[in-house]
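Step one of this worksheet: look at the structure below.
Position 1 is the first residue of the sequence; numbering continues from there.
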Amino acid sequence: MKLTGVEIRWVEMPLKSPFRTSFGTQTVRQLLLLRAVTDEGEGWGECGALVDPVYSPEYVEGCADVLRRFFIPALTGPVDGISVAPRLAKFHGHRMAKAALEMAVLDAELRARGVSFGRELGAVRDRVPCGVSVGIMNSIPELLDAVGGYLDEGYERIKLKIEPGWDVEPVRAVRERFGDDVLLQVDANTAYTLGDARHLTKLDPFDLLLIEQPLAEEELLAHAELAKVVRTPICLDESITSASSAADAIRLGACQIVNIKPGRVGGYLEARRIHDVCAANNVAVWVGGMLETGIGRAANVALAALPGCTLPGDTSASGRYYQLDVTEPFVLQDGHLPVPTGPGLGVTPLPDVLDAVTVKTEWIPLAS
């Protein structure tokens, strides 16, 4: 198929409540949506970059710029989902922008072929268990209220964001209030150093599923050393940027579990390769989240239905973050979300809601 052009759409989605991590607090999710228009139809993509380069080097305006100036113009002539990454390979980095464009083109292709995202990726389940990510709170009572509410909603797993000064006591409080049967894990978002290893061993008695990305993303050897000290399994997030980096981390003993975020690794096709590498090495994987709209959530749920995704992911229901989603909302059913079965992503934006949250749009045409 041939790409006619791509619309870049800036949207602002107010969050139901502030979401705080070790690198900042969000009250509004500002992101880019892409609409790829081809001679066979159109498809949608979502760019997970934040406004500031605090989670990764990418940020919203930087992604818009590289898409406008380099990535979209590189897709002249016949194109399909699998050809996007090779066409963009000469450009270094900018994986979230690449992932969004690949997603939009792949969605357009699959809609034209009448194939769902799940089927294309190799999904083996029609629904996936869901976890929820709980941000850093102002107090432990506030945290316990939030966790209790999510458990009442049926979430299968609780993830607590942690940082120095907000780690052992919140975990202890959640365990004491809700018991040992709750699937519980923590996420540090690179907030610690190897010098904190002995402190992190204080989390071991709480029988956590994992501690996610405790150290800086480039510190694979330090993670391997930390894994020798702590009993809690180490899961890597920011460190995993490709199938190759996943293989290196596994070989070094830097992790026992991998979080896959498709935007962070350059797209859903690379995400599937990471899944396959981990499966071949008996390393569990799960699908992380970036506070996606229903567009990104649909694709994440499809990815989470692959056979190696054996832990509940951050594939929360739409209502976890937003009063209104840009698609029909994903609603939790017995702790699970259904995998969309329609062509492509299986969801489309609701025009009225999309227009209400859109700040601006830009059309990038391709030469015929």
Side-chain angles (χ1 to χ4, degrees), residues 1-8 32-38 43-49 53 55-110 113 117 120-122 217-218 220 236-251 258-278 280 285 287-288 290 296 299-300 302-303 306 344 364-367:
M1 74 190 175
K2 295 190 71 173
L3 194 60
T4 304
V6 176
E7 178 187 72
I8 304 176
L32 300 177
L33 298 179
L34 304 185
R35 182 172 62 93
V37 180
T38 78
W44 288 88
E46 179 168 333
C47 183
Y55 170 75
S56 77
E58 292 182 78
Y59 60 100
V60 168
E61 291 302 327
C63 290
D65 184 63
V66 77
L67 284 161
R68 177 193 305 116
R69 295 174 59 193
F70 301 105
F71 293 175
I72 295 170
L75 300 187
T76 56
V79 67
D80 57 11
I82 201 169
S83 69
V84 173
R87 299 271 282 274
L88 302 182
K90 66 180 179 180
F91 303 113
H92 289 204
H94 300 281
R95 289 183 174 90
M96 289 189 178
K98 290 177 177 178
L101 187 53
E102 179 194 85
M103 179 182 176
V105 172
L106 184 58
D107 184 36
E109 175 196 345
L110 295 178
R113 288 167 46 197
F117 232 74
E120 182 73 8
L121 293 177
E217 55 265 32
E218 68 273 12
L220 288 184
L236 291 182
D237 172 355
E238 288 94 331
S239 295
I240 305 299
T241 56
S242 65
S244 176
S245 66
D248 288 345
I250 293 167
R251 187 162 54 248
V258 166
N259 165 353
I260 303 178
K261 287 179 180 166
R264 190 191 68 234
V265 305
Y268 286 85
L269 300 182
E270 184 67 15
R272 182 174 62 186
R273 285 188 279 271
I274 293 172
H275 164 277
D276 294 347
V277 165
C278 291
V285 299
V287 177
M290 293 291 290
N300 283 357
L303 179 66
L306 268 61
I364 312 296
L366 268 77

From [X] atom [atom1] to [Y] atom [atom2], the distance as rounded to the nearest 0.5 Å:
X	Y	atom1	atom2	answer
L306	I260	CG	CD1	8.0 Å
H94	F70	NE2	CZ	8.0 Å
N300	E46	CG	CD	8.5 Å
L32	L101	CG	CG	12.0 Å
T4	L366	OG1	CG	8.0 Å
I274	L303	CD1	CG	9.5 Å

Run the salt bridge (Lys or Arg N to Asp or Glu O under 4.0 Å) test against [X] and tell me which residues pass, sequence neighbours left out.
X	result
E120	R113
R95	none
R251	D248
E102	none

Determine which pairs satisfy salt bridge (charged side-chain N to carboxylate O under 4.0 Å, His left out) with at least one residue from residues 59-75, sequence neighbours left out, and list them in order. D65-R68, D65-R69, R68-E362
Does any pair with a residue in residues 263-273 pass salt bridge (charged side-chain N to carboxylate O under 4.0 Å, His left out), and if so which ones, sequence neighbours excluded? D237-R264, E270-R273
Side chain to side chain contact (heavy atoms under 4.5 Å, CB included) partners of A299, counting only residues at least two apart: M103, F117, Y268, L345
Partners passing side chain to side chain contact (heavy atoms under 4.5 Å, CB included) against A49 (at least two apart in sequence or in another chain): C47, E58, C63, M96
Is there side-chain contact between L34 and L67, with at least one heavy-atom pair below 4.5 Å? yes
Is any side-chain heavy atom of I240 closer than 4.5 Å to one of N259? no
Does the K98 side chain pair with the main chain of G93, one donor and one acceptor, at a distance under 3.5 Å? yes
Name each donor-acceptor pair under 3.5 Å that joins a side chain in residues 71-88 to protein atoms two or more places apart or in another chain, with its distance.
residue	atom	partner	partner atom	Å
D80	OD1	S83	N	3.1
D80	OD1	S83	OG	3.1
S83	OG	D80	N	3.1
S83	OG	D80	O	2.8
R87	NE	A74	O	3.3
R87	NH1	P78	O	3.1
R87	NH2	A74	O	3.3
R87	NH2	T76	O	2.3

How close do G344 and L110 get, heavy atom to heavy atom, and via which atoms? CA-CB, 3.7 Å
For M1 versus V105, what's the shortest heavy-atom pair and its separation? CE-O, 3.4 Å
Restricting to side chain to side chain donor-acceptor pair (under 3.5 Å), what partner residues turn up for [X], sequence neighbours left out?
X	result
E238	N189
S239	Q213
D107	R111

